[in-house]
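The shown structure was predicted, so the numbers you read here are calculated from the model rather than taken from an experiment.
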Amino acid sequence: MSVVTKRILSCLACVALIIFCIWGSTYVAKHEGHQYDGSAEGFAGTISVSVYVEGDTITDITYQTEGETPSIGGSAIQALRKKILKTQNTQIDVVSGATYSSKGFLTAVDAALAEAGVVADGSHISDSATEDYELTTDVVVVGGGGAGMTAAITIAESGKSVIIIEKSDILGGNTSRASSGMNACETHYEAEQGVEDSVELFIEDTMKSGKEINDPDLVRTLAENTSAAIDWLDEENAPLSGPLGTMGGLSAKRTHRPTDAEGNVTSVGNYLVSALGVRLDELGVEIITGTAVDKVIMEDGKACGVTGVGTYGENVTVHAGAVVIATGGFGGNMDRIVELRPDLEGYISTNVATATGDAIDFLGEIGADFVDLEQIQLHPTVIPTDGALVGEALRGDGAILVNREGVRFTNETGTRDAVSAAEVAQTGGNVWLIANQEMYEGSAVIKKLDKSGYLVTGETLEELAAAMEFDQAATEALLETVETWSGYVASGVDADFSRDIGTPLTDLSSGPYYAVNVGPGIHHCMGGVKINTEAQVISTDGNPIPGLYACGEVTGGIHGANRLGGNAVADIVVFGRIAGENAAKYCEN
């Protein structure tokens, strides 16, 4: 080796040492204290953490995850990290909607702290001051459910900056609980699967279900844009490419559904929230969670930002060229529900706890108009103990409903209001949904119900009846009911309730059998803030409020007196895109 070469290598080594020292000092400065590591299983893989401790104080937590979706598990972990550092306490509640990710992260942190010999119960600190902050962006989207996520992606793809503010610690809202699918007409999937459908038929079904009080212009806008919305989801790597299903009140198999990695039909909500969350992450959209918006900033009659309050009382202000409201409905606010509909007192709700209708208050303060607020929907297949939703598409695939006497009592694929009313009239006000192995094999929804402990099972109908605690008379009635139903499937005619049988996955003539106890629950708020076909919020004087847009369940007028199953997801994607496109364009003026 030449002298020159040795000198070059010596110089490079010195440079490397200097860089290492600089990096090392930066690392130590950022992570003051001693490092302790821990790991645990999360939702879809291992969560590994490094906890930095100075004395009894946790100074920082870093983590690596496998398989955690940015918008769900990732957001939950970020929120928990912030809470632990703020409170110096790991005995905190898991984030609803991200239970496995939350438990995995907290377990990993506790494992690291056990190694450090530190008890993090918050006993050695006092409350510290919060810090207010202000941000500026082109468009601020209030609400991170399906509509808000869609709007934000649309805005970001147009080249505009966007910030999402979400009240919960994670994105998703009620969309994460959507189970069955998205209605759309004249799509390439319908053509590929031989389904005849049309915009006019979509409109007819929607208006009929809504008792004709829907806004016809909004309904037409919805119907005419569903095919393009399906194409957009394809482009966003969120294809609803599974076998088409049907829901109560539909005249065609237009319910588009996703499948999981094994090819099973799966719940549309978590699927879309996960896929759209990944897209938001790719686009670098800024997301502020744990912050409840309480005011739309108005200047010269135009919406130009929002204010809100964070988890620890910090005041948050976002200045923007336009505002999109996508805060969802108020189905999680029983006081508001009962005020509008005293007859619904005592019903369980399928809604997330953050669906409290805050926008009704802060939009009302700036003169926004509202429509159909008293139109609140019951979903007929809700688990009475905790409000978990049993997807309507299961009935479309061939499941039946029987009462405690073992007898069918209604057209299972009727509209939600009709089926719910029929259930209320039965003994005890709740009933049983019955499926079999043929449905189980292809349904991630049923498998999830089984994993969660909601199902009772039986190799035969007699065993199933015993599991449902039927007496002898009800057991004999159940045997006769299923035999009769199997005959109806064979003939294609339901002589009892005129159910459109179509081509179900099963005739229920063979087991094993599965059943889940269900009843009506508060599900969807059809009413909300008034918008036009451009998703502009309308004031009480009948004019659009400049710079203010809304989409999703926070709006009213689309669904009338009763929403069709599958139309909510259509609503959030179609009007989320419209709101996003128009808000982005408004910023250019």
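- Listed by chain and number, the residues in a side-chain contact (heavy atoms from CB on, under 4.5 Å) with T533 are D217, L218, T221 (sequence neighbours excluded).
- A side chain to side chain contact (heavy atoms under 4.5 Å, CB included) with V318 is found for one member of V323, I165, T291 and no other, namely I165.
- In this structure a side-chain-to-backbone donor-acceptor pair under 3.5 Å is present from E392 to G248.
- Judged by the 6.0 Å distance and 45° axis criteria, K86 is positioned over the aromatic ring of Y312.
- Checking side-chain atoms of Y271 against main-chain N and O of P239 turns up a donor-acceptor pair under 3.5 Å.
- Looking only at side-chain heavy atoms (C-beta outward), L564 and D205 come within less than 4.5 Å of each other.
- Closest of all the heavy-atom pairs between C185 and D197 is CB-OD2, 3.4 Å.
- Taking the six-membered ring where the residue is Trp, the centroids of H379 and H524 are separated by 6.0 Å or more.
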Handout entry: Test salt bridge (charged side-chain N to carboxylate O under 4.0 Å, His left out) applied to R341 and E374, step by step
Key = CA-CA 6 Å; R341 288 281 302 276; E374 75 285 355; over 6 Å; no

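- Just one residue in the list I578, I155, L276, L233 forms a side chain to side chain contact (heavy atoms under 4.5 Å, CB included) with T150, and that residue is L276.
- Checked by atom type, the side-chain pair N567/T206 shows a donor-acceptor distance below 3.5 Å.
- Annotation: D93, atom CG; neighbour count of heavy atoms from other residues, nucleotides and ligands within 6.0 Å does not exceed 12.
- Side-chain atoms of T154 do not come within 3.5 Å of backbone N or O of G580 as any donor-acceptor pair.
- At most 12 non-hydrogen atoms from other residues, nucleotides or ligands lie less than 6.0 angstrom from CD of Q64.
- Distance alone, capped at 3.5 Å, places no donor-acceptor pair between the E224 side chain and the V199 backbone.
- Here the side chain of R177 pairs a donor or acceptor atom with the backbone of T350 at under 3.5 angstrom.
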